[in-house]
There are 2 protein chains.
Amino acid sequence: MIKYSSQNRMLVAVDCIIFGFDGTDYKVLLIQRGFAPEKEKWSLMGGFVQEKESLEQAADRVLKQLTGLKNVYLEQLQAFSEPDRDPIERVIAMAYVALIDIHKYEQQINDDFHARWFLLRELPKLIFDHAQMVDTALQRLRYKAAFHPILFELLPEKFTLPQLQAMYEGLYDTKIDKRNFSRKVLSTNLLIKEQEKDKSSSKKGAFYYSIDKEHYKEKFESLLNFVPKTEITALNE
Amino acid sequence: MIKYSSQNRMLVAVDCIIFGFDGTDYKVLLIQRGFAPEKEKWSLMGGFVQEKESLEQAADRVLKQLTGLKNVYLEQLQAFSEPDRDPIERVIAMAYVALIDIHKYEQQINDDFHARWFLLRELPKLIFDHAQMVDTALQRLRYKAAFHPILFELLPEKFTLPQLQAMYEGLYDTKIDKRNFSRKVLSTNLLIKEQEKDKSSSKKGAFYYSIDKEHYKEKFESLLNFVPKTEITALNE
DNA sequence: TCAATTAGTGTAAAAAATACATTTAAAATT
DNA sequence: AATTTTAAATGTATTTTTTACACTAATTGA
């Protein structure tokens, strides 16, 4: 079989930045690396791309192998390709961002795998350029969430408006007027009001909402505006 | 020296989608591929990543080698990684998008290299998945140009408001009211009005404008809104 | 000097975003 | 049983932004 002769072949890896939200804070899922170099150090979920799989398939596989997660929101972030980013040998890394409902997978992750959630604000030292990957992923999340309803991926099936608002406030580190926020969110017709209330955080209780999945798919690509303009005047992309 | 043993190494390439605008139409720069397979077929500018260079460096190098272009706007688009996208062997391709002033480089490109501009609407059949890369790049351009002043990269140092407007109208295939357009554009303080007029396309002549480079850098990341909302309700990203 | 052509400009109406405070529901306490 | 406590829910007036829309100006060539 003919090949491209005299060209330089290299390893290609995928690394996944997995964001979660616990109702108050954003978290990132990390594992202790299982092999040298930097064995036992905290790392993003990563792995080498195999011969017969696309990058997307590799990211799915790595996520499943290391955490048990399947069918999660997963998006290509960007490549990290400094020649010496891995001290052992040249590795091109493609970073993927995943958003998951932290509670849905919490048990599974803790029990079967040795992944651990860390507060985004208190991440341990990470191997290689993984801290930079997290930074870049966070920037992208801030950018994208300002226009598209992706943060819903972080919430359980049923959630309340105060929870949703806290998630937006956390991401942009700001306070949003709840009257304006609920008007904007509800005007998209993305949410269905449920009968029940969540009484875990107030006496009155807050009504649960769920996603109208039809509208969600349609509206996903259209442009929303949940975040006040003053908060998004200088996003980094 | 230790390596990651028993892992699969593969070729990594960069491919550049180079957009230009000739005042009326968008164009894409293509070359005839110089080696098998698909030798002589039309292709994006591409090349393999070398051992000691990052992807960005590779893209810069490829662009320079194949067209003579330097210091152009170049942005990572996304990876294309289907295992069989290249019939010879596994190649992961990272696509980059470049925006250039078509006239500034026209001579250089035609004379020294065998690259050729094609109308975006009339591209020839391209090798491998390059047509898909162009599609994706165009989607990204539409998305990004709706919020950031990147289209200025396509224009010469001095340009007129009608030219600028034609560029936006072409990208979104729409008509924009010129009173509203000029008000919006000028309100950003991104443009400096010049003394001279361009009389090439009207008897009255249209004043030239140039970019206020200070403001341009500052404003690049902030969010603009040159395109009417009705035109950007369903961008694909 | 008149006709033709494209550039340039202003205003009123509609829509969207913002600022802002009180009432309501339910539980816990007295 | 009444009162207090806590967070949820809600409406309106003001400001800002966006849109729709049509005539005048400058210049060239006939």
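Labels below follow one simple rule: chain letters A, B, ... track the order of the sequence lines, proteins then strands, and each chain is numbered from 1.
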Visitor: Can you tell me how the ring of B:F147 sits relative to the ring of A:F147, calling it parallel under 30°, perpendicular over 60° and tilted otherwise?
Guide: parallel

Visitor: Under 4.0 Å between a side-chain nitrogen and a carboxylate oxygen: does that hold for B:D25 and B:R121?
Guide: no

Visitor: Taking the six-membered ring of A:F181 (Phe, Tyr or Trp), confirm whether the NZ or CZ of A:R183 is under 6.0 Å from its centre and within 45° of its axis.
Guide: no

Visitor: State, yes or no, whether a side-chain contact exists between B:Q78 and A:Q78 at a heavy-atom distance under 4.5 Å.
Guide: no

Visitor: When you measure from the centre of the six-membered ring of B:F207, is the NZ or CZ of B:K193 under 6.0 Å away and within 45° of the axis?
Guide: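 B:K193 over B:F207 ring: yes.
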
Visitor: Which residue in the set A:L74, A:V28, A:I100, A:L44 passes side-chain contact (heavy atoms from CB on, under 4.5 Å) when paired with A:I18?
Guide: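 With A:I18 as partner, A:L74, A:V28, A:I100, A:L44 yield a single side-chain contact (heavy atoms from CB on, under 4.5 Å), made by A:I100.
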
Visitor: Can you check whether B:H114 reaches B:Q32 side chain to side chain, under 4.5 Å on heavy atoms?
Guide: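 B:H114 vs B:Q32: side chains apart.
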
Visitor: Protein within reach of the bases, or only the backbone? For nucleotides 5-13 of chain C, mark each nucleotide 5' to 3' as B, S or -, using heavy atoms under 4.0 Å.
Guide: SBBBBBB--

Visitor: Tell me, please, the opening and closing nucleotides of DNA chain D, 5' to 3', among those with an atom under 4.0 angstrom from a non-hydrogen atom of chain B.
Guide: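 Under 4.0 Å from chain B, the extent on DNA chain D is D:dT18 to D:dT28.
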
